[in-house]
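The basis for the numbers below is simple: all heavy atoms, side chains too, and nothing from hydrogens, waters or symmetry mates. Computed from a predicted structure; not experimentally measured.
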Amino acid sequence: MTMKRKPFAFVVLVVLSLVQGCSQPEYHMPASTTKTPEQRFIQEMAQKSGGDLKALSPAEVQRLNRITRGNAELALKAEARRLKK
């Protein structure tokens, strides 16, 4: 009898977890008022270049690539768009 209940109990647990996950509102972490040095650097570079990676020095681009793990162009454009709002 316990062999038949195990699959049923598993299905019930999966369904309940899905229902619970769908019914809760999505949580967004509050934006921090203090920025890390890396965040400040990205913001400064976005202001300086207007989102154009070519307007920065090779050292600045290298630092951005290190901070963003190779996504300097995406991060710079996204930050420039955010600053324009």
Side-chain angles (χ1 to χ4, degrees):
M1 195 181 280
T2 58
M3 293 299 286
K4 289 183 178 181
R5 288 187 178 201
K6 284 185 181 181
F8 176 74
F10 177 74
V11 170
V12 168
L13 287 174
V14 169
V15 169
L16 286 175
S17 65
L18 288 173
V19 168
Q20 182 182 11
C22 294
S23 65
Q24 294 177 351
E26 189 174 334
Y27 176 75
H28 296 283
M29 290 190 62
S32 177
T33 56
T34 59
K35 294 184 183 274
T36 65
E38 290 83 7
Q39 290 170 326
R40 284 193 298 271
F41 180 75
I42 293 171
Q43 185 176 13
E44 289 169 9
M45 294 302 105
Q47 288 172 340
K48 177 181 175 180
S49 69
D52 183 18
L53 201 60
K54 294 176 184 176
L56 301 176
S57 73
E60 292 168 334
V61 172
Q62 185 178 15
R63 183 172 174 196
L64 275 172
N65 271 318
R66 192 180 74 247
I67 291 170
T68 62
R69 297 181 180 167
N71 293 306
E73 188 172 6
L74 283 171
L76 197 63
K77 287 181 180 182
E79 184 65 19
R81 276 194 309 266
R82 189 187 68 76
L83 292 172
K84 287 181 183 179
K85 289 183 180 181

Distance-only donor-acceptor hits, side chain of residues 68-78, under 3.5 Å, sequence neighbours excluded:
residue, atom, partner, partner atom, Å
Thr68, OG1, Leu64, O, 2.7
Thr68, OG1, Asn71, N, 3.2
Thr68, OG1, Ala72, N, 3.0
Asn71, ND2, Thr68, O, 3.4
Glu73, OE2, Lys77, NZ, 3.3

Salt bridge (Lys or Arg N to Asp or Glu O under 4.0 Å): pairs with one or both residues in residues 58-67, sequence neighbours excluded: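 Qualifying pairs, neighbours excluded: Lys48-Glu60.
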Over 12 non-hydrogen atoms of neighbours within 6.0 angstrom of CD in Gln62: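 No, not enclosed.
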Run the side-chain donor-acceptor check on residues 37-46: report pairs under 3.5 Å with partners two or more places apart or on a different chain.
residue, atom, partner, partner atom, Å
Gln39, OE1, Thr36, N, 2.9
Gln39, OE1, Thr36, OG1, 3.4
Arg40, NH1, Lys35, O, 2.4

Shortest non-hydrogen contact between Ala55 and Ser49, atoms and distance: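 Between these two residues, the closest heavy atoms are CB-CB, 3.9 Å.
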